[in-house]
Amino acid sequence: MRYRNSLIPTLKQEPSDAEVVSHKLMVRAGMIRQVARGIYDFLPLGLRVVRKVEQIVREEMDRSGAQEILMPAICPAELWQESGRWDKYGKELLRMKDRYERDFCFGPTHEEVVTDLVRRDVRSYRELPINLYQVQSKFRDEMRPRFGLMRGREFIMKDAYSFHADSDDCNREYEVMAKTYRRIFERCGLSTRMVESDTGAIGGRRAHEFQVLADSGEDAIVSCNACEYAANVEKAEIGATRSPVAATASPLKKVRTPGKRTIEEVSAFLSEPPERFIKTLLYLTNRGETVAALVRGDHEISEIKLRTMLGVEWVAMADPETVEKLTGAAVGFAGPIGLKARVVADEAVQHLRSAVVGANETDHHLTDVDAQRDLAGVTYADLRLARAGDPCPRCSSGNFDANRGIEVGNIFYLGTKYSAPMKCTFLDAAGQETPMEMGCYGIGITRTAAAAIEQNHDNNGIIWPTALAPAHVHIVQVGTDENVRNAADTLYNDLLAAGIEVLLDDREERPGIKFKDADLIGIPYRVNVGAKALERNAVEFKPRREAKADDLPIANAVETLVTAVRRDLAK
RNA sequence: CGGGGUGUAGCGCAGACUGGUAGCGCACCUGCCUUGGGCGCAGGGGGUCGCAGGUUCAAAUCCUGUCACCCCGACCA
């Protein structure tokens, strides 16, 4: 690749619309350009990175026994109506009509299409298991796309779907995919964590996410500092939580708390720590039910856990009118005592004694609440978000560390969620018609590219892991005289012949500009070819991560670079 | 969807309050000069001021509408 003939529009200044480092650097390095909200052009360098990720994914998926297919991006509504998701998926599903007014959608994921394919062509247990994957552009009309490629609306995803005769075999494949994913991200040079996650909108029984650890990540995860347990905070189970217990129980007391609505305000007003409060959160469910959920004042509720516990599809905070109608008090004074609603509570509430709750009366709270004595008929469950320091549920000694992460991959055990309603069945050995057990496995290709930058950059620009870099070697032709040009050309051609990918900066620019651009673009190995070193029969070798360049005899240059690149790629 | 913000040259911005016909830096083109971490000098090209309407002798500037993009929120009473 010769710079002079390439479209690599680097920017000296930061783009005004970028917030996170990967977005800024990809725009500045001339890799992507925004076309519309959440929709991007990939320029030559950006596309090369995307292709690198795809290639690693393909190699490892193929190695695991999966087969690549390609399904349509535009999918007919009927399949989605059959699974029920045409109505459920909501506004994220981009819908359109063809010239005959028939309904279609731009696929955000392909469970329906692949299940339709398999049910038509797979009949017997002898043809199972099968794992089909594709690499394709997806479209999800996100409420709020942001952070460049991190949360785009159109993005490239690898999605795989496996079909099995029984759940044991499906679980086996789940483990195979977990291993495959570990290898994929390792080869990409990324540090990831596999964490338990909610099964969410896709549904199913069991799920893990692969998170690239990065402070800018949108997801919060916890991991045990003593064992292997790690999970998304929304999902993370929590070991037994001790709550402060007062020595003796006192009778309930109503106190005036004028205008003090939040835990913080009441806590300061009564001089009681938030751990002694019980927060009462009123929720509406899709069944039209109103539920009060209680968590300790210093804890936060996990709506996902609440949803799971209630067995409903969605929960939403009640609007102020509903709250006032139900409690007979202004917002801020809701409490569980005397409330005409189903009450559920987080386990940490169970042993609270001498706690503070809203009185269901404007400007009043109740104190000296004893959960065991005063909260009758309450169902207890693990309902809160995990946080750093919480006890691990799996081992006795560990506590949680908290991290932020970028979800680059996920694996789901779907069971028969799609195969049953869509009648994707096979005949088992006994001649019995049985729905297939399914798993699905996704990797955000474009997001992985962005996550790699979040994890690998410095003040001067990107520092690509060799496996994902748009090229392995960046030759900077320093100066334009014939000797220099010839030496640079020779090295360029020799490296290409040795199978190394090279960007040759043959522009007529001053050296400073070329060096700055090289750092910005982040190709892992840079070679400066200039008159000074040539006099010593050398070129300068500067790995992107190193501060200084070293002389490299021209005679050894190709071999040294080939060795360095091969060593990196073998990791 | 709610709240806030911004749209002026390829990029980053000023001009707007107080209306008078558009400017700065970078980039780009030409010449000279220079050439090892975003050189210097001189000259030059490039703008429907997001779009539509309105007010006015006159609108980038005021008013109305609209579109686009960005940020915060849409779970913690």
Side-chain angles (χ1 to χ4, degrees), chain A residues 7 9-20 23-24 27-28 30 33-39 90-91 141-148 220 233-234 257 259-266 274 277-284 292-307 314-320 322-324 326-327 329-336 346 357-360 362 365 383-385 387 460-461 476-481 484 507-520 526 528-534 539-540 542 547-549:
Chain A
L7 181 61
T10 55
L11 263 30
K12 204 188 284 190
Q13 283 164 309
E14 289 194 344
S16 63
D17 58 357
E19 194 75 6
V20 297
H23 187 193
K24 288 177 184 170
V27 173
R28 284 192 59 207
R33 286 292 184 264
Q34 187 177 85
V35 177
R37 182 182 155 87
I39 299 175
K91 287 191 174 167
D141 203 353
E142 292 276 352
M143 201 147 40
R144 193 172 162 212
R146 60 186 134 178
F147 303 154
V233 288
E234 296 172 327
T257 50
K260 311 294 181 192
R261 291 153 186 268
T262 66
I263 297 281
E264 275 172 16
E265 288 165 359
V266 185
F277 280 68
I278 298 173
K279 224 173 354 191
T280 305
L281 307 167
L282 296 173
Y283 279 94
L284 298 172
L294 312 182
V295 295
R296 214 169 76 185
D298 59 321
H299 287 160
E300 298 181 24
I301 193 157
S302 159
E303 290 193 348
I304 284 178
K305 288 181 178 177
L306 178 63
R307 200 173 66 199
W314 57 259
V315 295
M317 296 289 287
D319 51 286
T322 308
V323 172
E324 284 169 21
L326 195 77
T327 62
V331 168
F333 301 97
D346 179 63
V357 302
N360 295 325
T362 303
H365 280 76
L383 289 181
R384 69 183 178 93
L385 289 183
R387 61 184 187 187
N460 295 318
V476 174
Q477 179 192 297
V478 182
T480 50
D481 69 78
V484 168
R507 293 177 298 171
E508 289 179 27
E509 293 285 359
R510 299 170 62 83
I513 289 180
K514 294 186 176 188
F515 295 148
K516 288 284 186 190
D517 277 339
D519 285 346
L520 184 57
R526 188 174 99 202
N528 300 335
V529 179
K532 289 181 187 172
L534 285 180
V539 294
E540 288 159 351
K542 185 186 172 301
K548 280 183 15 197

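Here is the naming used below: chain letters follow the sequence lines, and residue numbers restart at 1 for every chain. What you are looking at is a predicted structure, and each value in this text was computed from that prediction instead of being measured. All values below were derived from every heavy atom in this structure, side-chain atoms included, with hydrogens, water molecules and symmetry-related copies excluded.
Residues forming a salt bridge (charged side-chain N to carboxylate O under 4.0 Å, His left out) with A:D298 (at least two apart in sequence, or on another chain): A:R296, A:R387. Legend: residues meeting salt bridge (charged side-chain N to carboxylate O under 4.0 Å, His left out) with A:E324, ordered by chain and number and at least two apart, are absent.
Side-chain atoms of A:R526 and base atoms of B:G37 include a donor and an acceptor less than 3.5 Å apart.
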Listing time: all N or O pairs from protein to nucleotides 22-32 of chain B that are below 3.5 Å?
residue : atom : partner : partner atom : Å
B:G25   : N2   : A:Q13   : OE1          : 3.3

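If you check B:U66 for Watson-Crick or wobble pairing at under 3.5 angstrom, you find it paired to B:G50. In this structure B:A42 sits in a base pair with B:U30, meeting the Watson-Crick or G-U test at under 3.5 Å. Both distances falling under 3.5 Å, in either a Watson-Crick or a G-U wobble arrangement, place B:C1 opposite B:G73.
Checking B:G38, B:U35, B:A77 against the side-chain heavy atoms of A:K516 singles out B:G38 as nearest. When distances are taken from the side chain of A:V331 to each of B:C76, B:C75, B:A77, the shortest belongs to B:A77. Residue A:S16 places its side chain closer to B:C13 than to any other of B:C70, B:C13, B:G36.
Contact check for A:L284 versus A:T322: side-chain heavy atoms found under the 4.5 Å cut-off.
Note on A:G479: nothing from the nucleic acid sits closer than 4.0 angstrom, heavy atoms only.
At whole-Å resolution of the value, CD1 in A:I263 and P in B:C75 are 19 Å apart.
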